[in-house]
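First up is the structure itself, then whatever we jot down about it.
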Amino acid sequence: MSTDTSTNSPITTRRRGTIQRWSETLIPTLREAPAEAVNPSHRLMLRAGCIRQVGAGVYDFLPLGMRVLQKVSQIVREEMDAAGSAEMLMPAIVPVELYSGTKRDVEYGDLLFKLTDRHGRDAALGPTHEETVTEMAKGSVTSYKQLPLNVYQIQTKFRDEFRPRAGLLRGREFLMKDAYSFHLDIEGNGGLNETYDRMYQAYVNVFTRCGLDFTVVEAEAGPIGGSASHEFMVNADTGEDTILVCPATGYAANVEKCEIGERDWAFAGGGDQPLEKHHTPGMPGIELVVEHLGITADRMLKTIVFQKVGGTKCKWVLATVRGDHDVNEGKVRDAVGFQVTIANEKEAKEAGFAIGYVSPKMASQDDTLLLIDPDATAGTWATGADEKDHHVTGFDWARDLGADLPTKDQQGGKIRVADIRNAEAGDPSPRDASAKLEAKRGIEVGHIFKLGTKYAEAFDFSVLNEQQKKQTVIMGCYGIGVSRTVAATVEMSHDDSGIIWPVPIAPYHVVITVMDPDKPEHASVAEDLSEKLADNGVDVLVDDRKERPGVKFKDADLIGIPVRLTIGDKALEQDSVEFKLRGEEGKGRLVEMPHVVQEALSKLVGG
RNA sequence: CGGGGUGUAGCGCAGCUUGGUAGCGCGUCUCGUUCGGGACGAGAAGGUCGGAGGUUCAAAUCCUCUCACCCCGACCA
C-alpha cells in the first residue's frame with residue numbers, strides 16, 4: 001500500500017478506500033450452511049463468513065459482517081448528525097432502580113436481562129434507554145433555553161427473548177441506534193413535532209441510502225394521539241410483520257394498528273333456525289368445533305373475555321368477532337375507552353364465564369360490556385353455549401339477545417358495534433371507501449415515537465419556561481435496528497448463489513479475483529488497480545488466495561461484492577480485465593486497462 | 001411457556017431398532033498431476049459420540065436425570 005500524504009491530515013474531505021487481501025483477513029465461507037439456520041439471511045451470512053453463532057440469539061461478527069455493520073452505522077451516524085442529533089454513549093448496564101421508577105421492570109418482565117453484582121445490587125442490561133437518558137437530561141438540562149435537545153447512541157442492546165430466532169433478525173443481543181429528543185412544546189418552533197418530522201426524513205434518508213426497498217407504516221397512536229408513531233418496514237416476503245397498504249391513497253399500517261373502512265352491519269338474522277345445543281367435549285378452539293359441527297369458521301362467533309386494567313372491581317368486556325377473524329386488543333381498548341387485558345382465566349371462570357365456550361349472551365351479566373365486530377352481526381351463527389364442552393348452532397342476535405341490541409342511531413349502551421378486529425387483505429380502506437387493503441410482509445427496522453411526558457413525569461423532569469413556570473418536558477424516541485437492518489437487507493437482496501449487497505453497505509465495492517497470484521504480472525496488475533480504485537474511495541478486496549478459479553468465483557458470488565474484476569491471462573493478452581456486476585449472468589466483459597477504474601466508478605456511483 | 005425435533009471430526013450426515021475395535025462426504029495438512037465456475041490420485045491429521053449417573057464382562061447404542069441448540073405456536077417498546 002502506498003503512503004498518500006494527503007490522507008494523513010486530520011482535516012480532509014477525501015475518503016481513501018480500503019485495500020484488503022483475502023489471505024490476510026478471515027472470511028471462512030461454508031459450502032453448506034449449519035443445519036440450524038433456516039432463514040435466507042441467517043444461512044447466507046453464515047455461509048459467507050459474515051457471522052458465527054455463539055449461543056442462542058448471540059453472534060460473532062466476523063470481519064466481513066463487521067464491515068457491513070460499520071457501513072450501516074456510518075450512514076445512520078451521518079444522517080442523525082445532519083438532522084441535528086448529537087451522538088453520545090450510555091452504559092449497557094443499567095441499575096434496576098432506574099426501571100422501577102417507570103414500572104418498566106414489570107412491563108418488560110422476563111424480557112429484561114437481569115444480573116446481580118458481587119454486592120447483591122441488581123442491574124439490567126439495557127433493552128433501550130429512555131430511563132437512563134431522562135435521568136441524564138434531568139441532571140444536565142436546567143433551563144428551557146437548552147431545549148430542544150436531541151441525542152443518540154449506537155450501542156449493543158439486550159433482550160432476553162423467549163425464543164430468539166432467524167439469526168440476526170431476532171437476537172438477544174443486537175446493535176441499535178436509539179435517539180431521544182426533549183422539548184417544551186409539541187407544536188411550533190423547537191417543538192416535538194418539528195423534530196419528529198425531521199427524524200422521519202432522516203430515517204427515509206438512511207434506508208434509502210442503504211439501498212433498501214421499504215414502506216413507512218402508521219403504528220400505535222401512543223399517548224398524544226394522531227399519527228404519533230411510524231414504523232419503517234423493509235419489504236420482504238419472509239418478514240414476520242404483516243402490513244396493509246391502501247393502493248389508492250398510500251395509507252399503510254401495521255396489521256395491529258390498521259384501521260378498517262366503514263363496514264355495513266345489521267342484526268337481521270332470520271331466526272328461522274332453532275337454537276340447538278351440541279356436545280363438543282374438549283374443544284375450546286374454533287378449528288376443532290368447526291370440524292366437529294361440519295361448518296366453516298366464518299359462520300361461527302368467537303367471543304373473547306377481557307377485563308378492565310386497574311379500578312377496584314372487575315369490569316368485563318366481551319369482544320365478539322367472526323370465527324375466522326382475530327380480536328385486536330388495542331381496538332377493544334379504544335372502543336371502551338379504558339385499558340383492558342385478556343381476562344385472567346381463573347377469575348373469569350369464577351365470575352361465570354365458561355372460557356372457551358363463551359357466547360355473547362353473557363352480556364346480560366352485571367358489569368359486562370359487549371363489543372361486536374360489524375362482520376359478526378347479520379346471519380345465523382354457531383357459538384359457545386356458556387357451558388363447558390358445549391356449543392350451540394342457530395344463534396340469532398335479534399331473537400336470542402333481543403331488545404338490548406343497538407341500532408345505528410343508538411350506540412353507546414352496554415352493547416356496541418365497533419371495529420375490534422385485525423384488518424385483512426380485501427378489507428375496505430379507511431382512507432378511500434372504494435379501495436381495498438392489500439397485505440404485504442415486512443421486517444421492522446426503524447420506529448419513531450412521540451413519547452409525550454411519560455418518562456419526564458416518572459422522573460419528575462421539568463424546567464422553568466420563559467414565564468418562570470415549571471413545565472414537564474416532552475419527549476420523543478427514535479430507534480433503528482442496525483444489525484437487523486443488515487439481516488433485512490440480505491432477506492431482501494440475494495439469489496441462489498449468495499448475497500447481493502447494495503453498493504452503499506457492501507463490505508467491499510470491488511473484489512479483484514487474481515487467477516494466479518504467483519504470476520508477477522497478475523499480482524502487479526491487481527496491485528496497480530487496487531491502488532487506483534482505493535485512491536478514488538473504492539473499498540477493494542483482493543482475492544490473492546492460491547485457490548482454483550471455480551472456488552474464487554463461487555466465493556465472490558457468495559459474499560456478494562457488487563463489482564468483480566478478474567485478472568487472468570486471457571484478458572491480460574488484450575491489456576484488459578474481466579468486468580462483472582454481481583447480479584449479471586456469465587463471465588462478464590472485457591474492459592481495457594485504462595478504463596477500468598472509470599468503469600467501476602460509474603457502475604458503483606450509478607447504482 | 002406449550003408442542004415437536006436434533007446433539008457423533010470444522011460443516012453436512014450414517015451408525016442406535018438387535019450393546020462388541022467409531023464411519024462416510026465436504027473441508028484441513030503433505031506429495032504429485034492439474035489449473036477460467038466448488039479438480040484428480042496417493043497419503044495423513046482430526047472425535048471426552050453434549051454432560052452426569054445407572055444396567056452390563058462390555059454402552060454412541062439400553063435406562064434415569066440434566067444441559068444445549070433448532071422448528072411451530074404463544075410472546076414481541
Side-chain angles (χ1 to χ4, degrees), chain A residues 26 28-39 42-43 46-47 49 52-59 99 102-112 126-131 157 159-167 169-172 174 176 178 180 219-220 222-223 228-229 231 240-241 254-256 285 287 326 329 342 443-444 446-451 454-455 475-481 484 496-498 513-519 522 543 545-558 564 566-573 577-578 580 585-588 590:
Chain A
L26 179 65
T29 56
L30 298 171
R31 190 181 292 212
E32 289 170 290
E36 62 267 18
V38 173
N39 288 262
H42 194 193
R43 293 176 62 84
L46 242 18
R47 283 190 55 207
R52 198 106 311 177
Q53 180 160 4
V54 177
V58 178
Y59 294 84
Y99 289 100
T102 50
K103 296 274 194 321
R104 281 230 293 190
D105 50 341
V106 181
E107 273 178 39
Y108 263 106
D110 291 335
L111 210 56
L112 203 60
T128 172
H129 283 71
E130 280 85 357
E131 290 84 359
K157 300 285 195 235
R159 284 176 150 201
D160 193 2
E161 294 282 350
F162 260 151
R163 190 183 151 212
R165 67 182 133 186
L169 285 174
R170 185 167 293 280
R172 297 196 297 168
F174 52 94
M176 179 170 167
D178 48 325
Y180 307 90
E220 190 176 353
S229 175
E231 289 173 341
E240 331 185 71
D241 291 304
N254 195 310
V255 64
E256 272 93 40
E287 295 83 14
D326 291 316
E329 189 175 313
I342 291 274
I443 301 167
E444 180 189 349
H447 196 165
I448 56 177
F449 205 81
K450 294 180 186 173
L451 281 177
K454 174 177 174 180
Y455 293 94
M475 292 172 59
C477 72
Y478 319 92
I480 290 180
R484 181 184 272 188
D496 291 343
S497 302
T513 302
V514 186
M515 295 304 294
D516 189 350
D518 285 337
K519 282 192 177 161
H522 288 205
D543 190 352
R545 294 175 301 167
K546 294 179 178 30
E547 288 287 351
R548 298 173 59 78
V551 173
K552 294 188 173 196
F553 293 143
K554 288 285 187 192
D555 274 350
D557 288 345
L558 180 58
R564 190 185 82 199
T566 305
I567 296 172
D569 289 333
K570 292 175 188 170
L572 285 181
E573 278 168 18
V577 299
E578 252 171 60
K580 181 177 174 298
E585 295 292 321
K587 295 176 63 174
L590 292 182

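Sequence lines set the chain letters: A, B, ... in the order given, protein chains first and strands last, and positions in each chain run from 1.
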Interatomic distance where [atom1] belongs to [X] and [atom2] belongs to [N] [whole Å]:
| X | N | atom1 | atom2 | value |
| --- | --- | --- | --- | --- |
| A:Arg43 | B:G12 | CZ | C1' | 11 Å |
| A:Glu32 | B:C11 | CD | C1' | 6 Å |
| A:Asp241 | B:C75 | CG | P | 14 Å |
| A:Glu161 | B:G73 | CD | C1' | 15 Å |
| A:Leu46 | B:G10 | CG | C1' | 13 Å |
| A:Asp160 | B:C1 | CG | P | 11 Å |
| A:Glu240 | B:A74 | CD | P | 12 Å |

Using purine N1 to pyrimidine N3 plus N6-O4 or O6-N4 for Watson-Crick, or N1-O2 and O6-N3 for G-U wobble, both under 3.5 Å, which nucleotide pairs with [N]?
| N | result |
| --- | --- |
| B:C35 | none |
| B:A68 | B:U6 |
| B:A74 | none |
| B:C62 | B:G54 |
| B:C24 | B:G12 |
| B:U30 | B:A42 |
| B:G19 | none |

I'd like the [atom1] distance from [M] over to [N], given in whole Å.
| N | M | atom1 | answer |
| --- | --- | --- | --- |
| B:G25 | B:G15 | C1' | 15 Å |
| B:G37 | B:A74 | C1' | 46 Å |
| B:C76 | B:A39 | C1' | 49 Å |
| B:G5 | B:A9 | C1' | 23 Å |
| B:G10 | B:G27 | C1' | 7 Å |
| B:G19 | B:C24 | C1' | 22 Å |
| B:G4 | B:U48 | C1' | 29 Å |
| B:C26 | B:C40 | C1' | 15 Å |

For [X], give me all partners under salt bridge (charged side-chain N to carboxylate O under 4.0 Å, His left out), at least two apart in sequence or on another chain.
| X | result |
| --- | --- |
| A:Asp241 | none |
| A:Glu240 | A:Arg165, A:Arg170 |
| A:Lys570 | none |

Would you tabulate the nitrogen or oxygen pairs shorter than 3.5 Å linking the protein to nucleotides 69-72 of chain B?
| residue | atom | partner | partner atom | Å |
| --- | --- | --- | --- | --- |
| B:C69 | OP1 | A:Ala56 | N | 3.0 |
| B:C69 | O3' | A:Gln53 | NE2 | 3.3 |
| B:C70 | OP1 | A:Gln53 | NE2 | 3.0 |
| B:C70 | O3' | A:Glu36 | O | 3.3 |
| B:C72 | OP2 | A:Arg163 | NH2 | 2.2 |

| remark: Heavy-atom contacts, protein to nucleotides 31-43 of chain B, under 4.0 Å, summarised as B (base), S (sugar-phosphate only) or - (none) per nt, yield ---BSBBBB----
| Is a donor on one side and an acceptor on the other found under 3.5 Å between the side chain of A:His522 and the backbone of A:Pro517? | no
With [X], which residues qualify under side-chain hydrogen bond (donor to acceptor under 3.5 Å, both in side chains), at least two apart?
| X | result |
| --- | --- |
| A:Asn254 | A:Glu231 |
| A:Asp518 | A:Lys546 |
| A:Thr29 | A:Asp555 |
| A:Glu547 | none |

| request: Using a 4.5 Å cut-off on heavy atoms from C-beta on, say whether the side chain of A:Ser497 contacts that of A:Lys554. | output: no
| field | A:Met475 side chain reached by A:Lys454 side chain, heavy atoms, under 4.5 Å | value | no
| Taking only residues two or more places apart in sequence, or in another chain, which ones meet A:Pro549 in a side chain to side chain contact (heavy atoms under 4.5 Å, CB included)? | A:Met515, A:Phe553
| field | Residues forming a side chain to side chain contact (heavy atoms under 4.5 Å, CB included) with A:Glu36, sequence neighbours excluded | value | A:Pro34, A:Gln53
| message | Between A:Glu130 and A:Arg52, which residue's closest nucleotide on RNA chain B lies nearer the 5′ terminus? | response | A:Arg52
Could you go over nucleotides 44-48 of chain B and give all protein N or O partners under 3.5 Å, atom names and distances?
none

| request: Verify ring-ring contact (aromatic ring centres under 6.0 Å, His included) between A:His42 and A:Tyr59, making sure each step is shown before the conclusion. | output: CA-CA 11 Å; A:His42 194 193; A:Tyr59 294 84; 5.6 Å; yes
